[in-house]
Amino acid sequence: MKDWKKYILNEKVIISLISVLISLVVAAVVMLIIGKNPLVAYAALFYGAFGTKEAIIDNLMKTSPLILTGLAVGFGFRAGLFNIGANGQVIIGALLAAYMGTMVASYPFYLSIPLVMIAGMVGGALWAAIAGWLKAYRGAHEVITTIMLNYVATFIANYVVNGPFQAPGGVPKSPAIAYSAQFPNIMSVGATSLSTIIFVSLAAIVVIYVIIQKTTIGYEVKAVGFNPYAAEYGGISIGKNVVLAMAISGALAGLAGTTQVVGVYGRYFGALGGSMGFDGITIALIGQNDPIGIGLAAFLISSIRTGSNQMQIAGVPKDMVTIIQGIIIFLVATNRIIKTLKVRKRKEVVEV
Amino acid sequence: MDKNVDYSKYAVVMKGITKRFPGVLANDRVDLFVKKGEIHAIVGENGAGKTTLMSQLYGLIKPDDGKIYINGVEAQINDPNDAISAKIGMVHQHFMLVDRLSVVENIVLGQEPVRGPFFALNRARKEIKDLSKKFGLIVDPDSIIEDMPVGMQQRVEIIKVLYRGAEILVLDEPTAVLTPQETNELFEVLKSLKSQGKTIIFITHKLNEVMAITESVTVMRLGKVTGVVKTSQTSSKELANMMVGREVLLTVEKNSAHPGDEILQVKDLVVKENRGIEAVRGLSLNVRSGEIVGIAGVAGNGQTELTEAMTGLRKVESGKIIFKGQDITGFSPKKRREMGMGHIPEDRLKHGLIKTFPIYYNFILGEHDDPKFSDGVFLKIEDIRKFSENLVKRFDVRPPKIDLLGMNLSGGNQQKVIVAREIAFDPALMIVSQPTRGLDVGAIEFIHKTLISMRDKGIGILLISMELEEIFSLSDRILTIYEGQIMGEVRPENTTTEEVGLMMAGHRLEDLHQEA
């Protein structure tokens with residue numbers, strides 16, 4: 001019970017919550033300035049995100065890949081790595097998963113599904129590991145290499161689905177994957193379906209939490225992220241851990257792409273990745289690299305985006321959610337601002 | 001009541017200063033009186049509240065209670081700018097310099113002299129040359145900071161403060177990072193500053209320095225002033241007692257060593273420093289189990305590179321390192337550790353500790369994948385905690401809370417964590433670098449005793465230290481390093497500090513004996 005309280009009331013949680021509240025207030029002020037009623041807007045936003053079954057399903061399906069890309073970026077941060085390339089890793093992961101998906105038609109689902117998921121994760125992991133290797137052994141900064149690998153991934157995917165791996169019909173998309181490789185839906189309402197891929201994302205939260213908190217790998221990755229000199233002194237190989245952390249990060253991003261293939265579209269097509277890799281950065285920041293925090297942040301971002309359509313209908317520009325999102329990130333990133341808002345400034349170093 | 005008192009002969013008066021941090025009363029009604037033109041020491045153990053007190057004088061933090069008078073006039077110091085305009089300057093323990101900029105650029109930083117839209121560097125250079133001549137602070141204004149030794153960097157800090165017109169200088173443990181030679185040079189500078197009317201407040205816990213240079217002393221302990229004395233009327237022993245509230249052994253008691261087999265052999269070692277210059281140049285030495293071999297020398301003569309090469313953190317150009325009869329020259333740090341080589345690093349915050357890890361995580365650094373603490377995949381958290389609770393008790397780490405982060409401990413307790421960890425994995429050889437740098441008397445005593453007891457258990461210890469006193473009181477054999485080479489080997493009972501000092505300055509032992 002006490003631990004639970006400690007977890008809920010720690011500084012990180014408070015900073016995130018206050019950031020969200022302040023951003024809502026600021027956005028409300030902006031709405032007042034442009035002559036809109038913020039209460040109406042927020043009611044519409046809330047209704048749009050949670051008001052109907054369809055909305056909730058839509059919301060959850062948007063949340064699912066964001067959790068994975070958020071975990072991907074967050075895990076990188078833990079090792080002191082800024083993986084901007086989650087988008088590229090999503091694409092390569094999805095592409096390989098789709099390819100594997102077309103190969104496993106004759107297999108039962110308990111073989112085909114793991115094979116497809118492994119293919120997607122390995123794809124993302126290898127793609128990210130390129131940047132990790134370049135960082136560890138050639139000193140190339142991962143921000144540069146991952147962002148460039150994003151372009152490479154995009155162009156590879158464009159070529160492949162317009163050529164060797166194109167479905168008949170001239171549209172840039174891959175053939176459909178085998179039925180045995182598709183994740184079943186839990187329920188469908190109208191055109192929206194809730195796929196079981198949501199459980200993949202939830203499981204990933206638990207797995208990453210355990211890796212970070214309970215395993216030797218997590219210990220080493222964190223040590224390298226916090227203080228590479230001390231890690232090296234302690235016999236921890238920096239190079240190995242940089243590559244490993246990038247690979248795990250990439251595997252998560254690749255898994256995000258995979259879930260879209262196996263649970264949403266049933267194939268690869270050009271715009272599948274969208275901006276979910278970059279959204280992962282936002283979410284990792286808001287969730288402060290904590291797996292559970294990332295889960296909640298993904299849900300938050302997804303909710304305001306899902307709800308924004310209703311808000312637009314209620315007469316408040318949809319772009320307002322971008323403002324809200326921007327302010328949250330700003331406040332979390334400059335968390336000193338909130339810390340100084342506290343009446344009593346706590347001294348960090350207790351001298352004894 | 002204070003209004004009637006005349007403080008005009010004092011440069012600084014701090015009266016009834018009280019500063020509370022959650023759970024700690026850092027300053028408890030502290031009074032400080034510093035006369036104009038004197039060198040005044042504030043001494044006390046780590047955590048006694050010295051730095052807190054000075055941070056309030058410099059406006060970095062605000063006192064909860066109490067008043068500050070500068071030259072007899074009550075002053076409101078809300079931030080460092082107020083302090084600077086009250087002509088107070090502070091030289092911090094950790095230098096605030098931009099490594100890639102030159103001396104001039106650093107000194108004028110924030111107050112760049114300009115001619116029209118241009119940076120008037122020449123004018124600044126001339127002003128700085130005048131200042132350094134006036135106070136005997138010789139530096140090359142165009143050197144780049146990162147190429148300068150620590151002692152020089154400190155001079156730059158002092159000039160920076162003078163450039164801003166300071167009359168009252170606060171130096172926070174200025175000698176913690178200096179060699180004996182650099183310390184002497186600093187003292188010359190301080191004397192010259194004093195002779196030109198500057199007032200100097202000198203925070204330290206090295207009592208011989210207090211005796212050497214100051215006029216009066218304020219002793220602090222646990223946030224309170226425990227004594228104000230004139231230096232001429234006291235002794236280091238008396239000061240030490242006021243500091244720690246008990247009798248302290250300033251020398252280490254030890255029996256003679258019983259060295260066993262040779263455990264470490266270094267042959268013709270050559271190691272380069274970061275800029276590609278040879279820092280260790282054909283150095284050979286050996287260590288037997290159960291003895292302490294001390295390496296004396298002025299900082300920057302290859303000690304860091306030697307240590308890093310021996311522990312696997314730096315590439316060896318040529319030569320051999322033989323440990324337990326095996327050539328380990330190319331081995332990784334991990335392999336060396338597994339073979340039983342412990343290492344207490346020179347820079348505890350850089351190499352020794354992960355500040356953002358809790359103490360129980362820091363206790364297993366390097367051993368985290370040992371079967372004792374990990375089953376290969378998962379950490380055995382319960383076992384790790386039990387192990388840590390044990391070490392915290394055994395080594396009296398305070399506060400004894402293993403969940404605290406490394407950065408929440410004082411320097412002395414951080415060092416205890418490192419020492420405890422390195423001893424706990426039962427090494428055969430320990431490379432110990434600057435083990436007591438920046439520690440207070442109580443912690444130094446503890447570390448010294450621990451090292452002696454390790455030696456008596458049969459561990460071979462290679463001790464690298466810039467503190468000659470430490471080398472003399474701990475070592476069974478003393479090697480002196482100069483420009484990456486050993487100048488000679490002596491035994492502490494058969495030599496003098498002068499002899500070792502000459503070797504530290506580059507004289508070979510053979511030559512010294514020939515001359516004699």
Side-chain angles (χ1 to χ4, degrees), chain A residues 2-3 5-7 10-12 77-80 136-137 139 206-241 244 248 288-290 335 339-340 342-352, chain B residues 20-24 26 46-49 51-52 61 223 308 311-313 332-338 343 345 347-357 361-362 364-370 373-381 397-399 401 404-410 412-413 421:
Chain A
K2 213 180 141 198
D3 283 353
K5 231 178 175 174
K6 213 166 105 190
Y7 198 85
N10 78 32
E11 200 172 63
K12 284 177 159 188
F77 278 138
R78 284 296 180 118
Y137 300 106
V206 176
V207 170
I208 294 301
Y209 178 84
V210 170
I211 289 180
I212 291 175
Q213 297 298 338
K214 310 271 183 203
T215 67
T216 317
I217 291 174
Y219 181 92
E220 294 202 351
V221 164
K222 279 190 289 182
V224 170
F226 282 141
N227 184 347
Y229 298 104
E232 193 185 11
Y233 154 90
I236 296 169
S237 160
I238 296 177
K240 187 193 99 183
N241 278 286
L244 182 69
I248 292 176
Q288 306 202 24
N289 305 334
D290 179 277
N335 57 37
K339 280 186 189 163
T340 48
K342 290 191 186 169
V343 185
R344 258 181 67 183
K345 219 168 130 187
R346 274 212 246 126
K347 192 172 183 274
E348 278 177 293
V349 180
V350 182
E351 286 186 76
V352 177
Chain B
R20 222 177 284 274
F21 296 120
V24 188
N46 291 323
T51 303
T52 307
I61 48 178
E308 290 180 354
T311 50
L313 296 171
S332 68
K334 188 182 181 68
K335 192 88 216 300
R336 293 177 203 222
R337 188 171 269 276
E338 281 166 2
H343 177 27
D347 187 337
R348 58 179 162 268
L349 290 181
K350 187 176 173 193
H351 286 114
L353 214 61
I354 296 178
K355 284 192 289 185
T356 36
F357 266 4
Y361 263 25
N362 272 304
I364 59 162
L365 183 64
E367 297 294 301
H368 56 278
D369 50 2
D370 188 272
F373 304 127
S374 163
D375 62 12
V377 177
F378 293 101
L379 293 172
K380 296 177 180 167
I381 304 237
V397 176
R398 277 179 279 175
K401 293 181 190 151
L404 280 182
L405 299 184
M407 64 184 173
N408 293 342
L409 293 180
S410 67
N413 283 298
R421 174 183 70 210

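Chain naming here is simple, since letters A, B, ... match the order of the sequence lines and numbering starts at 1 in each.
By number of non-hydrogen pairs under 4.5 angstrom with chain A, the leading residue of B:R421, B:R348, B:H368 is B:H368. Taking chain A as the reference chain and counting heavy-atom pairs below 4.5 Å, the highest number among B:I364, B:I381, B:N362 is found for B:I364. Between chain B and the options A:P228, A:G235, A:G234, A:A230, heavy-atom pairs under 4.5 Å are most frequent for A:A230. Counting heavy-atom pairs closer than 4.5 Å to chain A, the top-ranked of the candidates B:I354, B:L349, B:D347 is B:I354.
Heavy-atom minimum distance, A:Y233 versus B:H343: OH-O, 2.6 Å.
Within the 4.5 angstrom heavy-atom criterion, no atom of B:L405 approaches chain A. With a 4.5 angstrom heavy-atom cutoff, B:T356 touches chain A via backbone and side-chain atoms both. Heavy atoms closer than 4.5 Å to chain A are found in both the backbone and the side chain of B:L365.
Atom NZ of A:K214 is surrounded by 12 or fewer heavy atoms from other residues, nucleotides or ligands within 6.0 Å. Counting non-hydrogen atoms of other residues, nucleotides and ligands closer than 6.0 Å to NZ of B:K401 gives a total of 12 or fewer.
Put simply, the side chain of A:Y219 never gets that close to the backbone of B:D369: no donor and acceptor are under 3.5 Å apart. No donor-acceptor pair closer than 3.5 Å links the side chain of A:N227 to the backbone N or O of B:K355.
With rounding to the nearest 0.5 angstrom, the NZ atom of B:K334 is 13.0 Å from the CD atom of A:E232.
A cation-pi arrangement is present between B:K350 and A:Y229 under the rule of less than 6.0 angstrom and at most 45 degrees off the ring axis.
Taking the side chain to side chain contact (heavy atoms under 4.5 Å, CB included) definition, one finds that A:L244 meets it with A:I217, A:N241, A:I248, sequence neighbours left out.
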